[in-house]
Amino acid sequence: MATDTLKSTSSADGATGGLRRLLLDNGALTALIVLVVAMSALSGDFLTTDNLLNVGVQAAVTAILAFGVTFVIVSAGIDLSVGSVAALSATVLAWSATSHGVPVFIAVLLAVVTGIAAGLVNGFLIAYGKLPPFIATLAMLSVARGLSLVISEGSPIAFPDSVSHLGDTLGGWLPVPVLVMVVMGLLAAFVLGRTYIGRSMYAIGGNEEAARLSGLRVKKQKLAIYAMSGVFAAVAGVVLAARLSSAQPQAADGYELDAIAAVVIGGASLAGGTGKASGTLIGALILAVLRNGLNLLNVSAFWQQVVIGVVIALAVLLDTLRRKAGATPVTGASQGGKGRQAATYGLAAVVTVAIVGATSFLHNGSSSTANPKVGLSLSTLNNPFFVQIRSGAQAEAEKLGVDLTVTDAQNDASQQANQLQNFTSSSLGAIIVNPVDSDAASNSVKAADKAKIPVIAVDRGVNKASVDALVASDNVAGGELAAKTIGEKLGGKGKIVILQGQAGTSAARERAEGFAQGLKAYPGIQVVAQQPADFDRTKGLDVMSNLLQAHPDVQGVIAANDEMALGAIKALGSKAGKSVSVVGFDGTPDGLNAVKDGTLYASVAQQPSQLGKIAVDNALKALEGKKVEETIKVPVKVVTKENVAGFTG
């Protein structure tokens, strides 16, 4: 009897321990399954073919970057430069193929060589210069981004049509970025599991000194490892630019953090020695599913960042628990347990399909809301102007009984492309888009047009795509008004500086064009400096403070938005409104208060709340099949201290 009890207890402990070990060894896969099931239960739009393909496309660039970063992390390094290298490689391709007539095949090779060169520089600084990987790659992050801006002169460069097909689909349904992701994933798995350099990565990451004493040429191996990371970054940059139909100098900003997160979530240890390509792919899919699902559930982009940060922290915690529990190391070099691993993935797929199939019944037969659904994708919500557009749109939507879903692209054209894809694949009736960049939004708008979804552009137009209506103020005309205002205030003579917007954005280019055109009428006005301050108040303060050191006798400032103007006022101190006149743009509440106080001479006000209101009105008209005007111009108005009291926005 005692013997039977002992056996039974041992058996139970063994089963519990086996399950615990299975979950620890496959934590990322378990998390992905839970996420898919949860999103399927919470949103009826998640489990559709179009949306699942969207998830694959949205994971592709991060996954390709992350495969390259996997090599680095397995060898106990870090690469913070991959996002900037991706942007630089794409810029080199577009610049050489379009501006200099280089054959596309050669241009693609130049892009790859650019990635290799950046990786070799990283590797040389780390292996031979003895720089910490964090410092070396942080420096390359800045250098590569700067070179991308220098080559492109801060503006997007159209991609050759032959390369843009990388952003298309095969057979009208299978996205090419997903195929590229799979190919690069298989290549990464082969390198890690079947090659000498792959085994060297694990050896160096496990114990670099032991690897060196065993005869490994550690320095040369590090050169190769970082060069391969550069190759994967270059491929990711080309795929991203193909999706956007243009090389954006600010593309992939911050993607290095997503790539590192995908590798860590996938089971690799930042201490080195562990990691595999399949885990990295799962990590990238987790991030994509999270963002896609949270968008469909209309969760704020700010909270999305919180959620993803929590997921990363939990992934690192799981890695710590796994190592303490003595879980099987996650490596691609080990040949044992391949059959068991395949069986685990197969079982996971069967369980997921079964549970998801069951949860889909939750949405079958459910009555959809009678209210029309509209999606609003804003370029950013870190700027009061766009917050006012949202406020105007939300107020009008509530008044008209419209369910409005608002997303924040955070000035990232690729993130906005993902959001627009999510809108298209969900049950929204109409889409309102405030493009980060007019060229980059074109492919996503074309997809919405193909799906017969009305699209209204607000504040900025969409190039090379058809929208039902454009609700906007004229940025060029507004820029001319700003130049005229400062010219008249200074009596046609004086020295001024111009604070430009974020390089590569449509608004920055158009307003700068308007400034230049307007100043032609005032030959006595000398522009002593033009510098970007990225539409940001803090950067406006810093840039203006620096410019005052070189030009203390400046008499006027034109800023491409009120936020930068307010930063300039802070830098000017007592000079603002007295010896130096500042003109802003947008007519935000803070800007208008500064006009009342006399520190801001004028603001070219666009009435952003009206833009949001009119956009919702026209989206509803288009959704109901009513005729809408192709262009609805909301007039701009120069607001000064004399007329600010009567200005309502």
Side-chain angles (χ1 to χ4, degrees), residues 58-91 111 114-123 125-126 131-149 181 184 188 222 225-241 247-266 268-270 272 275 277 279-281 283-288 290-291 304-305 308-309 311-313 315-316 410-415 418:
Q58 293 165 23
V61 173
T62 298
I64 296 169
L65 284 174
F67 290 140
V69 174
T70 302
F71 301 146
V72 176
I73 289 180
V74 164
S75 61
I78 200 76
D79 192 347
L80 299 176
S81 67
V82 289
S84 297
V85 171
L88 176 60
S89 299
T91 301
T114 300
I116 294 173
L120 286 174
V121 171
N122 283 335
L125 292 174
I126 293 164
L131 266 65
F134 181 91
I135 299 300
T137 58
L138 182 62
M140 180 55 69
L141 177 152
S142 181
V143 170
R145 183 70 65 186
L147 288 174
S148 178
L149 288 165
M181 175 181 70
M184 299 306 289
K222 284 187 176 181
I225 290 167
Y226 281 92
M228 286 193 295
S229 178
V231 169
F232 278 72
V235 173
V238 172
V239 171
L240 176 59
Q248 305 274 330
Q250 295 285 12
D253 187 21
Y255 278 38
E256 57 278 346
L257 301 182
D258 277 359
I260 293 169
V263 177
V264 174
I265 291 170
S269 171
L270 289 172
T280 295
L281 176 60
L285 288 173
I286 286 174
L287 292 176
L290 266 175
R291 288 200 171 100
Q304 289 184 33
Q305 294 186 52
I308 290 169
V311 169
I312 294 171
V316 176
Q410 299 176 324
N411 277 325
D412 183 344
S414 58
Q415 188 169 330
N418 294 343

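All residue numbers refer to positions in the sequence shown, counting from 1. Values below: every heavy atom of this structure, side chains too, minus hydrogens, waters and symmetry copies.
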To the nearest 0.5 Å, how far apart are CD1 in Ile265 and CG in Leu290? 7.5 Å

Minimal non-hydrogen separation, Thr137 against Ser81, with atom names: O-CB, 3.4 Å

Could you walk me through whether Met181 and Val239 pass the side-chain contact (heavy atoms from CB on, under 4.5 Å) test, one step at a time? CA-CA 9 Å; Met181 175 181 70; Val239 171; over 6 Å; no

Out of Thr280, Ile260, Asp79, which residue meets the side-chain contact (heavy atoms from CB on, under 4.5 Å) rule with Ile73? Ile260

Output for pair (Asn122 CG, Lys222 NZ), nearest 0.5 Å, gives 12.5 Å

For the student: nearest non-hydrogen atoms of Val82 and Ala233, plus distance: O-CB, 3.7 Å

Evaluate the side-chain contact (heavy atoms from CB on, under 4.5 Å) criterion for residues Leu240 and Gln248: first the C-alpha distance (whole Å), next the side-chain angles of each, then the deciding distance (0.1 Å), finally the verdict. CA-CA 9 Å; Leu240 176 59; Gln248 305 274 330; over 6 Å; no

Nearest heavy-atom pair of Pro249 and Arg145: which atoms, and what distance? O-NH1, 2.9 Å

Of all heavy-atom pairs between Leu80 and Glu256, which one has the smallest distance, and what is that distance? O-CG, 3.3 Å

Minimal non-hydrogen separation, Ala86 against Ala252, with atom names: CB-CB, 4.5 Å

Ala241 and Ala247 have their tightest heavy-atom pair at CB-CA, 4.1 Å

Please answer whether the main-chain N or O of Phe71 pairs with a side-chain N or O of Ser75 as donor and acceptor at a distance below 3.5 Å. yes

Atom CZ of Phe67 and atom CE of Met228: how far apart are they, to the nearest 0.5 Å? 14.0 Å

Backbone of Asn418 reached by a side-chain donor or acceptor of Gln58 within 3.5 Å: yes

Verify, without hydrogens or angle tests, whether Ser148 (side chain) and Ala144 (backbone) share a donor-acceptor contact under 3.5 angstrom. no

So, does Ser84 use its side chain to make a donor-acceptor pair with the main chain of Leu141 at under 3.5 Å? yes

Test side-chain contact (heavy atoms from CB on, under 4.5 Å) applied to Val61 and Ser414, step by step: CA-CA 10 Å; Val61 173; Ser414 58; over 6 Å; no

Measuring from Thr62:OG1 to Ile286:CD1, what's the distance to the nearest 0.5 Å? 13.0 Å

Inter-residue atom distance Leu147.CG - Met140.CE, 0.5 Å rounding: 8.5 Å

Less than 4.5 Å apart, side chain to side chain, heavy atoms only: is that true for Leu149 and Gln250? yes

Are Ile78 and Leu270 packed together at the side-chain level, in the sense that at least one heavy-atom pair is separated by less than 4.5 angstrom? yes

CA sep, side-chain torsions, deciding dist, call: Tyr226, Leu125, side-chain contact (heavy atoms from CB on, under 4.5 Å): CA-CA 11 Å; Tyr226 281 92; Leu125 292 174; over 6 Å; no

